[in-house]
Undergrad: 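I am attaching a structure below and will ask some questions about it afterwards.
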Amino acid sequence: MSACVPARADSTRTKHVHPPHSPPPGGPRRFRVAGADVSAAIAVFLIALPLSLGIALATGAPLQAGLVAAAVGGIVAGRIGGCPLQVSGPAAGLTVVTADLIQHYGWRTTCAITVFAGIAQLGLGCLRVARTALAVSPAIVHGMLAGIGVTIAVAQLHIVLGGTPQSSVPDNLVALPAQLADVHPADLAVSVLTLALLLLWPRVPGRAGQILGKLPAALIAVAGATAVAALTGLSLPKVDLPSWSSHALASLPEGPVLGLVAAVLTTTLVCSVQSLLGAVAVDKLVSARPALTGRVGRSDLDRELLGQGAANIVSGSLGGLPIAGVAVRSSANVAAGAVSRNSTMLHGVLVVIAALLMVPALELIPLASLAALVMAVGLKMVSLNHIRTVTRHREVLVYAVTTGGVVFLGVLEGVALGIAVAVGVALHRLTRTRITHDDLEGVHHVHVRGQLTFLAVPRLSRVLHQVPHEAHAVVELDGSFMDHAAYETLQDWQKTHTAHGGLVDITGRRPGTRISEPAEVDGCRCRPWTPWRNHQCERPPQPKAPAPGTDRQAATGGSPGSGSSPDGSASTTAHPNASRATGPSRAPGATDGLLKTELARGISAFHRNTAPLMRRELARLAREGQQPSQLFLTCADSRVVTSMITSSGPGDLFVVRNVGNLVPLPGEESGDDSVAAAIEYAVDVLKVRSITVCGHSGCGAMQALLGTDPGGARTPLQRWLRHGLPSLERMPADGDRDGDGEADQDGRARPRLAGRAPADTAERLCLANVVQQLEHLRAHESVARALGAGDLELHGMYFHVGEAQSYLLSEDADGGVFELVREPHPTV
């Protein structure tokens with residue numbers, strides 16, 4: 001128990017001082033309740049009052065026990081619990097358990113069982129095992145709630161018809177024909193009126209419906225039925241609240257020890273699971289709520305267990321029903337705009353006031369009306385949405401077995417059956433693997449769906465040997481586990497198939513994932529070291545096959561027809577499909593099909609691996625709109641990954657990319673409105689605080705600009721590169737070739753790198769181009785206006801691709817110096 005006690009600071013050793021330059025702390029803070037919490041508490045109270053009485057009626061407990069549980073759940077669980085906005089009280093999910101306990105052990109022993117269940121919850125909270133309860137399959141939880149809902153609805157149907165329910169669902173079903181033959185018209189009429197008001201009240205059309213819809217339908221249904229019964233003088237069984245002086249409290253439990261232990265465990269299980277799942281659901285509702293008026297923290301599930309345990313101890317001691325988190329009241333609390341646990345606690349105080357001062361009014365409520373209300377709640381627990389969900393995930397068998405077990409055997413037995421079936425289904429899926437073979441335009445696709453274990457090796461081997469020798473094969477592993485036997489089978493077959501002249505691609509959950517030894521198979525030495533990497537493989541030269549792209553002028557990546565990279569280093573890099581040119585010939589559309597497959601695989605990998613991590617942040621950006629901090633203008637070169645080299649996340653950068661990171665001057669006849677429009681939008685609408693022009697090494701646009709023929713034909717690329725001619729003039733061919741920053745022949749200093757001379761003329765042009773495009777930026781009206789107001793900064797940047805190093809332009813020297821951005825030294 002000591003683990004639950006927070007450590008206290010030693011007052012003789014710890015001094016509490018207020019920060020300097022701040023006023024001294026004032027007197028004790030006054031307790032204040034936000035207006036949103038007050039309105040939310042009233043809304044929840046109006047729902048909780050009739051439901052608490054109805055659940056007490058359904059369990060066979062004294063009706064006052066429902067009010068006691070509602071008050072204790074609001075005050076105690078609301079104050080101690082770890083989910084600020086979850087409302088606790090007598091829950092419909094506990095109705096069957098409590099009714100069974102009352103029938104077997106009596107009311108006073110049931111209260112004692114509630115106390116012991118609360119103690120067990122305290123122990124679980126101290127052990128910090130709350131999240132273990134979330135490991136239970138949702139199909140089991142939904143099936144348990146559905147079974148409880150069916151049990152409630154069948155039992156309350158007898159009260160709706162004017163009779164008395166039996167102890168179990170089979171008995172109630174057997175007695176239903178006789179009850180239908182002996183219907184009490186008054187009870188049925190009040191029940192039908194209650195159900196009609198409950199169904200129609202939220203659907204009142206027009207502006208009147210918007211105003212009246214703020215009142216809870218449960219309160220209106222019970223109040224309307226009560227008013228009609230009182231005005232018409234119907235003779236009906238009504239709520240009977242005896243004097244609080246005769247209220248029954250807990251006593252020492254009586255009965256067989258094993259039965260009492262099972263009862264405590266069942267109550268603990270149902271209360272805990274329902275409360276923890278409710279807390280998780282409340283977190284989702286709070287995160288989806290727009291325009292929060294106050295910040296609400298996420299739930300502490302272990303503390304929530306402690307709060308529920310304390311509430312059950314108090315409720316059982318005072319003669320109340322077992323307590324758990326209630327979905328209906330919690331969702332109403334969140335929807336009403338509650339911002340703290342004060343709303344939950346205030347709702348409990350209102351229940352206490354009503355129990356003490358509103359007894360005459362409560363005793364006018366017909367029991368048939370409460371039974372109809374609880375029956376509707378039970379039917380809602382059989383959620384069609386849950387059924388569709390478990391069907392989509394192929395867990396309908398677990399759901400059906402759990403539901404049937406709860407209905408015909410009991411809650412604990414039904415949950416145990418559901419767990420057993422869920423384990424069996426999981427084992428079946430683990431051993432069930434589907435392996436298919438398709439021939440698509442000469443490419444043989446072997447698709448393995450499921451877990452690949454030694455049990456599937458015979459089938460895998462049989463399908464792999466159906467692939468002809470010297471054929472191109474793609475083995476797609478759509479599963480998360482592969483044992484050693486399957487690994488060796490795949491690897492041995494791959495080596496044999498490759499030795500016969502065939503080609504093999506083994507892909508996993510990520511595109512390009514390979515399980516083979518890279519140095520031995522197909523010459524591939526790459527590793528799936530990051531999920532975003534462009535899958536490039538270093539391969540030995542292929543003299544029989546021309547390198548792809550040799551007849552293409554490189555505009556953004558490198559020089560044409562050469563075997564070197566744009567920054568001058570030797571390279572044998574090729575696409576993974578490049579080596580396939582030496583293999584068997586394929587149909588003309590085969591390459592396009594493979595590329596489309598790679599695109600689909602990449603998108604699928606994003607949906608599976610990355611989207612779940614980004615969905616919440618992207619959803620926030622979708623709600624709030626884009627608010628980037630800077631405009632990043634860079635080249636269209638595929639190797640310049642803007643978010644990576646700036647460590648930026650989604651929404652941080654407004655990126656404009658074009659060939660050569662050029663900024664055309666405004667007003668020119670050959671100007672380009674797309675770049676100018678992006679600049680104007682970023683500065684005037686998005687209010688970015690900085691603009692960065694980023695050049696890079698090995699820029700194909702700069703190389704093409706150096707070789708521009710003034711009298712040649714004007715292709716679209718050459719027309720675009722005219723915007724870079726001022727950069728070429730800034731760096732004359734006979735200028736400062738040594739890169740020392742001294743004046744060139746025209747008297748102007750040139751931009752340079754700090755610490756070394758530019759590698760070649762192309763690099764000098766890249767540096768000059770960055771400085772020149774910054775001057776073009778200043779000529780734009782929106783940029784000049786923002787610079788004059790001090791709302792905008794301009795930055796120049798140079799990224800060396802081969803070194804993975806970034807340089808920032810410094811204006812400390814004439815012409816500008818690109819300083820290397822270094823790791824800051826830690827301070828002691």
Undergrad: Is there side-chain contact between Leu51 and Arg329, with at least one heavy-atom pair below 4.5 Å?
TA: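 Side-chain contact under 4.5 Å: yes.
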Undergrad: Sequence neighbours excluded and cut-off under 3.5 Å, please list the side-chain donor-acceptor pairs for residues 118-125, or say none.
TA:
residue : atom : partner : partner atom : Å
Gln121  : OE1  : Asn312  : ND2          : 2.7
Gln121  : NE2  : Ser272  : OG           : 3.2

Undergrad: Ile55 and side-chain contact (heavy atoms from CB on, under 4.5 Å): which partner among Thr95, Val377, Leu373, Val326?
TA: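 Going through Thr95, Val377, Leu373, Val326 one by one, the side-chain contact (heavy atoms from CB on, under 4.5 Å) with Ile55 is satisfied by Thr95 alone.
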Undergrad: What is the distance from atom CD1 of Ile323 to atom CG of Leu321, rounded to the nearest 0.5 Å?
TA: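 The distance works out to 8.5 Å.
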Undergrad: Show me, pair by pair, the donor-acceptor contacts under 3.5 angstrom made by side chains of residues 258-270, not counting sequence neighbours?
TA:
residue : atom : partner : partner atom : Å
Thr266  : OG1  : Ala262  : O            : 2.8
Thr267  : OG1  : Ala263  : O            : 2.9
Thr268  : OG1  : Val264  : O            : 2.7

Undergrad: We want to know whether Ser343 and Asn333 form a side-chain donor-acceptor pair, criterion being a heavy-atom distance below 3.5 angstrom.
TA: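 Ser343 vs Asn333: donor-acceptor pair found between side chains.
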Undergrad: Give a yes or no on whether Arg128 atom CZ has more than 12 heavy-atom contacts from other residues, nucleotides or ligands under 6.0 Å away.
TA: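 Result for CZ/Arg128: open.
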Undergrad: Check this for me: Arg303, atom CZ, are more than 12 non-hydrogen atoms of other residues, nucleotides or ligands nearer than 6.0 Å?
TA: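 More than 12 heavy atoms, drawn from other residues, nucleotides or ligands, come within 6.0 Å of this atom.
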Undergrad: State whether a side-chain donor-acceptor pair under 3.5 Å links Ser88 with Gln308.
TA: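 Distance-only check passes for Ser88 and Gln308.
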Undergrad: Between Asn342 and Asp37, what is the shortest heavy-atom contact and its length?
TA: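 Looking at all heavy atoms of both residues, the shortest contact is CB-OD2, 3.8 Å.
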Undergrad: Over all heavy atoms of both residues, which pair between Ala217 and Trp201 is shortest? Give the atoms and the distance, please.
TA: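 Looking at all heavy atoms of both residues, the closest pair is CA-CD1, 3.9 Å.
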Undergrad: Output every pair passing ring pair (Phe, Tyr, Trp, His ring centres under 6.0 Å) with a member in residues 373-422, not counting sequence neighbours, ordered by first then second residue.
TA: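 As it turns out, the ring pair (Phe, Tyr, Trp, His ring centres under 6.0 Å) pairs with a partner in residues 373-422, which skip direct neighbours, are His142-His386.
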